Amino acid sequence: MPELPEVETTVRGLARFLDGERITRVRVNRADLRRPFPPELVQVLTGAQVTGLGRRAKYGLIHTDRDQTMVFHLGMSGRWRIDPADADRHDHLVLETAHNRFALCDPRRFGSVDLVETGELDCWAPFAALGPEPLGDEFSATYLKSALIGRKQAIKLCLLDQRIVAGLGNIYVCEALWRAGIHPRKAGGKVTRPQLERLVPAIRLVLEQSIRDGGSTLRDYAAPDGALGYFACSFDVYGREGEACHRDDGGVIRRFAQGGRSSWFCATCQR
DNA sequence: CGTGTGCCCTGACAGC
DNA sequence: TGCTGTCAGGGCACAC
């Protein structure tokens, strides 16, 4: 699930129950995901008050009054379960407040949990390397143009590169390229100015719509069974191999591999 | 430096 | 019913 809109939805869902609360108990069932948890995690979080939540790229942020921020990444399969009825064998970390329980569940364990000094988040190595937020002011056609100059790599792969723009994943890159009418294999440096002028709003729109859809399922997210709200997704290209292009241009959606991952596109309207 | 490859891990699903 | 192969929304180390 976790691209930028899913992380944003997750953070908003957590904030409703966690913001301002004191963490009364921390249980670690398995102390490593992609890398080991910080050794001081339990000590720092136990008794800490949550002072705010946030997001950077695909990372979620839980700020505390200990001047430490818990930074989590959901990898491919991670999610937070609120007040789960039953334990899941992949609930690796469980936080408790006076009112709720929050279980970080990640079967594939591609995610991560870190503690970072709140004042030094921007210079934390994984964050320092990130490009601008796609929903922020810094992200524009002019910025993209300069970031893509001389790039021979396919635009699809450029947009997945978190150093160029931070938070896009496979689904939304495929969707945004379709909306902008750009072939995923086109070299980044050869994408024209008019195409970039279409691409930037296409990216913004697809992310904003997904966040809105995710937001509408927040009730499910908070349900006692802890199910994460799934988007009622209606994709235009992702996973639609062999089906007709939604532009009704006679094109059929095709799939091919790029950088070891699937790309879907319409050869009729994406150039 | 830019670019390409393989791997981390578990679960779901298709095909036999 | 069970086996096997393939694929999955991410990121990183490493080779050239």
Side-chain angles (χ1 to χ4, degrees), chain A residues 1-11 29-37 55-60 71-81 88-93 103-114 124-131 134 146-178 184-190 203 206-207 209-211 213-214 217 221 227-242 255-264:
Chain A
M1 280 106 280
E3 293 188 34
L4 185 155
E6 289 80 0
V7 179
E8 181 66 31
T9 299
T10 295
V11 164
N29 295 323
R30 169 158 184 165
D32 67 300
L33 292 174
R34 160 175 300 287
R35 47 180 180 269
F37 289 175
R55 177 190 61 75
R56 174 75 172 107
K58 300 173 197 171
Y59 294 85
V71 183
F72 65 85
H73 195 293
L74 298 175
M76 294 275 264
S77 59
R79 61 197 176 112
W80 279 94
R81 311 196 307 133
D88 184 290
R89 55 186 291 237
H90 302 296
D91 287 344
H92 301 111
L93 173 68
L104 179 60
C105 180
D106 185 359
R108 290 178 73 180
R109 297 183 31 247
F110 284 4
S112 61
V113 171
D114 292 286
W124 185 50
F127 282 10
L130 292 174
S146 66
L148 294 174
I149 282 177
R151 285 266 186 168
K152 293 175 186 158
Q153 207 175 26
I155 184 66
K156 157 84 186 293
L157 298 174
C158 293
L159 293 176
L160 284 175
D161 186 338
Q162 305 294 298
R163 294 168 300 185
I164 292 179
V165 53
L168 298 182
N170 205 29
I171 292 178
Y172 297 111
V173 167
C174 290
E175 294 296 307
L177 286 173
W178 178 84
R185 244 195 295 249
K186 184 163 188 143
K190 293 199 168 175
I203 290 171
V206 75
L207 294 177
Q209 288 175 350
S210 301
I211 291 171
D213 289 352
T217 61
Y221 177 88
L228 179 66
Y230 278 73
F231 301 104
C233 317
S234 51
F235 297 134
D236 287 304
V237 285
Y238 185 86
R240 295 191 62 243
E241 183 179 13
R255 176 170 82 138
F256 67 101
Q258 268 181 308
R261 319 182 67 178
S262 290
S263 294
W264 288 266

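Numbers restart at 1 for each chain; the letters A, B, ... are given by sequence-line order, proteins then strands. Owing to the predicted nature of the structure, the values given are computational and were not obtained by experimental measurement.
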Presence of [X] side-chain N/O under 4.0 Å of [N] phosphate oxygens OP1/OP2:
X: A/H90; N: B/dG11; answer: yes
X: A/K152; N: B/dG2; answer: no
X: A/R30; N: B/dC9; answer: no
X: A/R151; N: B/dT3; answer: yes
X: A/R109; N: B/dC8; answer: no
X: A/Q162; N: C/dG11; answer: yes
X: A/Y238; N: C/dG9; answer: yes
X: A/H73; N: C/dG11; answer: yes
X: A/R89; N: B/dG11; answer: yes

To the nearest angstrom, how far is [X] atom [atom1] from [N] atom [atom2]?
X: A/F72; N: C/dG11; atom1: CZ; atom2: P; answer: 14 Å
X: A/L74; N: B/dC8; atom1: CG; atom2: P; answer: 22 Å
X: A/Q258; N: B/dT5; atom1: CD; atom2: C1'; answer: 15 Å
X: A/E3; N: C/dG10; atom1: CD; atom2: P; answer: 5 Å
X: A/R261; N: C/dG11; atom1: CZ; atom2: P; answer: 8 Å
X: A/L4; N: C/dG9; atom1: CG; atom2: P; answer: 16 Å
X: A/I211; N: C/dG9; atom1: CD1; atom2: P; answer: 19 Å
X: A/D106; N: B/dC8; atom1: CG; atom2: P; answer: 16 Å

Donor-acceptor contact present, side-chain A/E175 to main-chain A/Y238, <3.5 Å: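 Indeed, once roles are kept as given, a pair shorter than 3.5 Å links the two residues.
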Could you tell me whether a side-chain N or O of A/E3 sits under 3.5 Å from a main-chain N or O of A/G167, the two making a donor and an acceptor?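 Not confirmed, A/E3 side chain does not pair with A/G167 backbone.
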Salt bridge (charged side-chain N to carboxylate O under 4.0 Å, His left out), that's the test. Do A/R89 and A/D91 meet it? Break it down for me. CA-CA 6 Å; A/R89 55 186 291 237; A/D91 287 344; over 6 Å; no
Please determine, by modelled atom types, if A/S112 and A/R34 share a side-chain donor-acceptor pair under 3.5 angstrom.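 Per modelled atom types, A/S112 and A/R34 side chains form no pair under 3.5 Å.
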With both distances under 3.5 angstrom, what nucleotide forms a Watson-Crick or G-U wobble pair with B/dC8?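 Because both required distances fall under 3.5 Å, B/dC8 counts as paired with C/dG10.
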Taking any strand in view, what nucleotide pairs with B/dT3 in a Watson-Crick or G-U wobble way, both distances under 3.5 Å?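 Partner of B/dT3: C/dA15.
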Would you kindly compare A/R255 and A/Y59 by the position of their nearest DNA chain C nucleotide and give the one closer to the 5′ end?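 Mapping each residue to its closest nucleotide by heavy atoms, the 5'-most match is A/R255.
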Distance-only donor-acceptor test (3.5 Å): side chain A/Q153, base B/dG2: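 No pair found.
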Between the base of C/dA8 and the side chain of A/R108, is there any donor-acceptor pair under 3.5 Å?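 For A/R108, whose side chain was compared with the base of C/dA8, there is a donor-acceptor pair (under 3.5 Å).
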Do the non-hydrogen side-chain atoms of A/Q258 and A/L160 ever get within less than 4.5 Å of each other?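 SC-SC contact between A/Q258 and A/L160 ruled out.
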Using the P atoms only, state how far B/dC9 lies from C/dC14, rounded to an integer number of Å.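 Straight-line distance between the two P atoms is 16 Å.
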Work out how far the C1' atom of B/dT3 is from that of C/dG9, and round it to whole angstrom.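 Pairwise C1' distance, B/dT3 against C/dG9, rounds to 23 Å.
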Centroid distance below 5.5 Å plus an interplanar angle below 30 degrees: do A/F110 and C/dG10 meet both conditions?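 Yes.
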Do A/L159 and A/L177 pass the side-chain contact (heavy atoms from CB on, under 4.5 Å) test, and can you show the C-alpha distance, the side-chain angles, and the key distance before you say yes or no? CA-CA 10 Å; A/L159 293 176; A/L177 286 173; 4.0 Å; yes
Would you say the rings of A/W80 and A/F72 are close, in the sense that their centroids are separated by under 6.0 Å?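 For A/F72 and A/W80, the ring centres are under 6.0 Å apart.
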For A/S262, which contact category applies under a 4.0 Å heavy-atom criterion: base, sugar-phosphate, or nothing?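 If one applies the 4.0 Å heavy-atom cut-off, A/S262 turns out to touch the sugar-phosphate alone, with no base involved.
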Choosing from C/dG11, B/dG11, C/dG9, which nucleotide comes nearest the side chain of A/R34?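 Nearest nucleotide to the side chain: C/dG11.
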Heavy atoms from C-beta onward define the side chain here; which of B/dG4, C/dG11, C/dA8 lies closest to that of A/L157?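 Per side-chain heavy atoms of A/L157, the pick is B/dG4.
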